[in-house]
Amino acid sequence: MPLSKNKIKLIRSLELKKKRREENLFLAEGPKLVGDLMGHFHCAFLTATASWLDEHPRERQMADEWCESSDDDIARASLLRTPKDVIALFRLPEPQSANTSYIHDHLCLALDGVQDPGNMGTILRVADWFGIEHIFCSPDTADSFAPKTVQATMGALARVRVHYTPLPQLIQSLPPDTPVYATLLDGENIYRQQDTLQQRGLIIMGNEGNGISEEVRRLITTRLLIPNYPPERATSESLNVAVATAIVCSEFRRQRFL
């Protein structure tokens, strides 16, 4: 059975958060991304070209429903500028409560109002690379299951769990000796903190334009600075939040090799 007009309409509607919640579905496109997510999320629907389906019988069998599509049909359904060979609809996972004891013993990220889907997806990919398995987000942070975010994760959603919760309450519920880090302009040079950076606690990254909210800022225990180089040189006002996250996570993990 070819891809129906109703299915195309459903696929394209998942660009909206409201529709994702109503349908309890999110969208993934492309062989690598669909392959990475298959088995980690319940696949409700799969559509692909005949050649892709022939080469991936396992993925086809894992879907509740599937159909063969022409390149033109996939192009009509796709949200990408360059459509791929396969589109999948996965069930949204059940929300998980924040585990404060886990944060006490493991390194985690917290995002305070990060709103760009591309930044959000890249941060998930960074977390995956550096072995950070949980990200805690303020309610106004970008949806981790928005199509642009999902594409930018490059499959990291299969291994990194994202939780949405008010950050001040989360931080206040942590055991008192849990480190709470953040990058701020009045922080200490991160490259001189060998005795300060622990492989546990919460690293907070702020909104692209406004940084970290004042309520969360008051709860930070260790302020860090990513210095520009050389210090006296005029430079950009700030780093992209995803780039800054990568630098910070890299420096934390580098301590394990010293």
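For the numbers below, each heavy atom of this structure counts, side chains included, while hydrogens, waters and symmetry mates do not.
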Would you say [X]'s side chain and [Y]'s backbone share a donor-acceptor pair under 3.5 angstrom?
X: D112; Y: S213; answer: yes
X: S250; Y: A246; answer: no
X: R161; Y: H134; answer: no
X: E208; Y: Q115; answer: yes
X: T141; Y: G113; answer: yes
X: E29; Y: S78; answer: no
X: T149; Y: D143; answer: yes

For the aromatic rings, using the six-membered ring if either is Trp, is the centroid distance between F252 and Y181 under 6.0 Å?
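Ring centres of Y181 and F252 closer than 6.0 Å.
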
For [X] and [Y], which heavy atoms make the closest approach, and how far apart are they?
X: I123; Y: A242; value: CG1-CA, 3.8 Å
X: V34; Y: A28; value: CG2-O, 3.8 Å
X: L53; Y: A48; value: CD1-O, 3.7 Å
X: S13; Y: K19; value: O-CB, 3.2 Å
X: P227; Y: Y191; value: CD-CE1, 3.7 Å
X: C43; Y: L46; value: SG-CB, 4.2 Å

Is any side-chain heavy atom of [X] closer than 4.5 Å to a side-chain heavy atom of [Y]?
X: F145; Y: V162; value: no
X: S144; Y: Y164; value: yes
X: H56; Y: P31; value: no
X: W52; Y: E59; value: yes
X: Q199; Y: R256; value: yes
X: H42; Y: D64; value: yes
X: Q151; Y: K84; value: no
X: F41; Y: L92; value: no

Do [X] and [Y] sit in one hydrophobic cluster, given that two such residues count as connected whenever their side-chain heavy atoms are within less than 4.5 Å of each other, even indirectly?
X: L16; Y: L14; value: no
X: V241; Y: L107; value: yes
X: F130; Y: M154; value: no
X: L10; Y: L3; value: yes
X: V243; Y: I132; value: yes

Start with the C-alpha gap between V150 and L27, add the side-chain angles, then the distance that decides, and say whether side-chain contact (heavy atoms from CB on, under 4.5 Å) holds. CA-CA 8 Å; V150 174; L27 168 67; over 6 Å; no

Applying side-chain hydrogen bond (donor to acceptor under 3.5 Å, both in side chains) to R217 and not counting sequence neighbours gives none

At what distance, to the nearest 0.5 angstrom, does [atom1] of [X] lie from [atom2] of [Y]?
X: L89; Y: N24; atom1: CG; atom2: CG; result: 11.5 Å
X: L225; Y: L185; atom1: CG; atom2: CG; result: 7.0 Å
X: M205; Y: I135; atom1: CE; atom2: CD1; result: 11.0 Å
X: L111; Y: N119; atom1: CG; atom2: CG; result: 10.0 Å
X: K7; Y: C67; atom1: NZ; atom2: SG; result: 8.0 Å
X: K32; Y: L37; atom1: NZ; atom2: CG; result: 9.0 Å

Can you confirm whether more than 12 heavy atoms, excluding those of D195, are under 6.0 Å from its CG atom?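 No.
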
- Query: Are there more than 12 heavy atoms of other residues, nucleotides or ligands under 6.0 Å from atom CD of E215?
  - Reply: no

Decide whether S173 and T100 meet the rule of one side-chain donor and one side-chain acceptor closer than 3.5 Å.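 No, no side-chain donor-acceptor pair sits under 3.5 Å.
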
Pair D140-S138, side-chain donor/acceptor within less than 3.5 Å: yes

Step by step, would you call H104 with R200 a side-chain contact (heavy atoms from CB on, under 4.5 Å)? CA-CA 6 Å; H104 181 265; R200 65 187 188 95; 3.4 Å; yes

| query | For V180, which fellow cluster members are found when Ile, Leu, Val, Met, Phe, Trp and Tyr are connected by side-chain heavy-atom distances below 4.5 angstrom, either directly or through intermediates? | reply |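 Noted: V180 shares its cluster with I103, F136, L167, L170, I171, L174, L184, L202, I204, I212, V216, L219, I220.
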
The side chain to side chain donor-acceptor pair (under 3.5 Å) partner of T196 among Q193, Q198, Q194, R192 is Q193

Original post:
If you measure from the Lys or Arg side-chain nitrogens to the Asp or Glu carboxylate oxygens, is any gap between D72 and R76 under 4.0 Å?
Top reply: no

CA sep, side-chain torsions, deciding dist, call: L224, L197, side-chain contact (heavy atoms from CB on, under 4.5 Å):
CA-CA 10 Å; L224 302 170; L197 308 184; 3.9 Å; yes

